[in-house]
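Structure first, commentary second.
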Amino acid sequence: MARTTTAPRAAITVDPWDPGYATSLTAEALDELDSGSRRQLDLDVELPADRWRPITPAAAGLPPGGLIVADGVRRVEARVWVDDPDGGMPVPGIAASCAAGLVRCRPGRPAELAEVDVRRSLFTPSPHAADVVTWAGTYQAEKAQGGTAEQLSLALQRRLTDVEVGLATRYRTESGHDDDLLIVDGPLRGRAHLPRTVGYVKTHHAAYLTGAQASVLGALRPGQRTPVFLMTTSWARHSWYLRLPTPSDAPWAGVARCEAAPDLPRKAVAELADQSAAIIPALAGVDYKDPRAPQNLVPIGGLEKVLRHRLGDAGLLYRALRTVAQG
């Protein structure tokens with residue numbers, strides 16, 4: 001394999017394997033790796049556990065400040081090895097891109113793309129890594145906790161979360177609105193400090209409710225939600241399930257889980273849950289446009305298409321990395 005001498009501290013080798021091999025863990029999967037035995041639930045947050053029932057929120061339109069939907073996409077362009085200039089064993093890494101964006105929906109106006117931010121990075125635990133400069137962009141060297149596929153994927157996911165948080169914070173500060181609602185695609189981990197924010201989890205890797213509470217979940221009709229509960233694994237958050245409109249009668253069809261900050265008062269989190277259950281079902285995707293419908297919301301599906309386009313052509317980026325490696 002060809003090696004580069006453009007990096008000031010260490011060369012890289014581009015691995016010929018499929019760059020997506022063993023690095024496709026989703027944010028939801030990474031977030032739930034630690035569920036299992038460390039999971040604790042407080043089911044009495046909004047209603048006593050023995051009085052749980054489906055909740056139908058009052059009809060509500062968009063908040064005065066509008067609805068902001070945040071999402072991000074990520075892609076591994078190449079698996080790499082970072083050389084040790086002192087003669088040690090090469091250390092694994094990934095060259096990857098991520099893009100975050102915001103869609104704003106306001107009363108009486110069409111949805112609009114508000115912001116987009118694209119980053120390219122080289123993730124590796126090697127202390128010798130340097131930025132990789134190619135004609136298609138610069139991959140900034142960033143430290144990963146280890147070289148396993150999971151650790152590298154987690155480093156990429158954390159970078160994407162940081163980009164999303166920065167984007168949403170800047171946009172909200174500049175807009176000056178304090179009565180909007182922010183929906184972020186995926187778990188709220190790393191974003192729970194954002195005000196008026198709901199994490200939207202559309203993929204289920206674990207069933208958190210059992211017994212009578214699971215029966216309430218199964219009885220939800222479109223537009224209804226479960227009572228709020230507090231969930232703690234390696235981190236705490238309020239959560240609730242809601243059901244979106246869908247023609248399927250499968251048990252989990254149209255079911256999504258929402259998350260909110262753990263320090264919200266009971267009344268505040270109940271109001272946030274009601275607001276989400278009143279607004280989100282109207283944004284449900286349709287199956288003839290999106291195979292992940294209805295959980296993949298229309299603004300999220302549209303934003304994902306834009307963001308993947310902004311990432312650039314994967315083949316060209318891979319060739320750019322190989323060109324650098326070949327000197």
Side-chain angles (χ1 to χ4, degrees), residues 28 31-32 34-63 67 69 181-189 191-246 248-284 294-295 297:
E28 289 87 348
D31 188 65
E32 293 177 349
D34 61 351
S35 294
S37 61
R38 288 188 287 174
R39 183 193 313 159
Q40 296 181 350
L41 301 181
D42 178 0
L43 301 172
D44 301 315
V45 172
E46 185 177 8
L47 290 176
D50 59 357
R51 291 170 50 195
W52 266 41
R53 56 176 173 77
I55 296 176
T56 302
L62 296 177
L67 174 69
V69 179
L181 175 65
L182 173 63
I183 295 178
V184 296
D185 188 35
L188 203 58
R189 182 196 286 268
R191 301 176 284 193
H193 62 286
L194 296 173
R196 307 179 307 284
T197 301
V198 171
Y200 179 75
V201 182
K202 59 181 178 286
T203 305
H204 307 286
H205 296 275
Y208 293 109
L209 300 179
T210 60
Q213 289 73 39
S215 298
V216 172
L217 170 58
L220 294 179
R221 298 194 306 272
Q224 291 185 322
R225 67 172 178 87
T226 67
V228 174
F229 57 98
L230 183 67
M231 179 166 59
T232 304
T233 52
S234 62
W235 65 293
R237 66 277 203 194
H238 284 109
S239 192
W240 62 93
Y241 288 91
L242 57 82
R243 190 180 292 274
L244 307 174
T246 176
S248 174
D249 57 1
W252 284 89
V255 173
R257 186 170 60 81
C258 296
E259 296 183 346
D263 55 351
L264 290 176
R266 187 203 67 81
K267 181 179 180 181
V269 72
E271 290 175 350
L272 195 59
D274 273 347
Q275 190 177 38
S276 69
I279 293 175
I280 290 177
L283 305 176
Q295 284 95 325
L297 306 180

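Note that the numbering runs from 1 along the sequence shown for the chain.
Here the closest heavy-atom approach between residue Val228 and residue Ala273 is recorded as CG2-CB, 3.8 Å. Minimum interatomic distance between Val216 and Pro54 (heavy atoms only, all atoms of both residues): CG1-N, 3.7 Å. Here the closest non-hydrogen pair linking Asp42 and Val45 is O-CG2, 3.5 Å. In this structure, Pro281 and Ser276 approach most closely via the heavy-atom pair CD-O, 3.8 Å. Of all non-hydrogen atoms in Pro227 and Ile55, the two that sit nearest each other are CA-CD1, 3.9 Å. What you find for Pro57 and Gly223 is that their closest heavy atoms are CD-O, 3.2 Å.
For the 3.5 Å distance criterion, the side chains of Thr226 and Arg53 fail to qualify, holding no donor opposite an acceptor. Side-chain contact, Arg257 with Ser239: a donor N or O sits under 3.5 Å from an acceptor N or O.
Trp240 places no side-chain N or O within donor-acceptor distance of the main-chain N or O of Asp274, the cut-off being under 3.5 Å. Not one N or O on the side chain of Arg237 forms a donor-acceptor pair closer than 3.5 Å with the backbone of Pro262. Between the side chain of Gln295 and the backbone N or O of Val255, at least one donor-acceptor pair lies under 3.5 Å. Checked by atom type and distance alone, the side chain of Gln40 never pairs as donor or acceptor with a backbone atom of Thr232 at under 3.5 Å. With His238 contributing its side chain and Leu230 its backbone, the two residues share no donor-acceptor pair below 3.5 Å.
Between Leu43 atom CG and Met231 atom CE the span is 11.0 Å, to the nearest 0.5 Å.
A salt bridge between Arg51 and Glu46 is absent, with no side-chain N of the basic residue lying under 4.0 Å from a carboxylate O of the acidic one.
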side-chain contact (heavy atoms from CB on, under 4.5 Å) assessment of Cys258 paired with Ile183: CA-CA 9 Å; Cys258 296; Ile183 295 178; over 6 Å; no
Side chain to side chain donor-acceptor pair (under 3.5 Å) assessment of Arg225 paired with Thr56: CA-CA 7 Å; Arg225 67 172 178 87; Thr56 302; over 6 Å; no
CA sep, side-chain torsions, deciding dist, call: Leu283, Leu67, side-chain contact (heavy atoms from CB on, under 4.5 Å): CA-CA 11 Å; Leu283 305 176; Leu67 174 69; 3.6 Å; yes
Check against side-chain contact (heavy atoms from CB on, under 4.5 Å), Glu259 and Val201: CA-CA 8 Å; Glu259 296 183 346; Val201 182; 4.3 Å; yes
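Using cut-offs of 30° and 60° on the angle between ring planes, the pair Phe229 and Tyr241 is parallel.
You'll find the side chain of Leu182 stays beyond 4.5 Å of the side chain of Arg196, heavy atoms only. A heavy-atom distance below 4.5 Å is not found between the side chains of Asp44 and Trp52. Residues Leu297 and Tyr200 have side chains in contact (heavy-atom distance under 4.5 Å, counting atoms from C-beta outward). Side-chain atoms of Asp185 and Val69, non-hydrogen and from C-beta on, never get closer than 4.5 Å to each other. Side-chain contact between Thr197 and Leu181 is absent, with no heavy-atom pair separated by less than 4.5 Å.
Applying the side-chain hydrogen bond (donor to acceptor under 3.5 Å, both in side chains) rule to pairs touching residues 210-221 yields nothing, sequence neighbours excluded.
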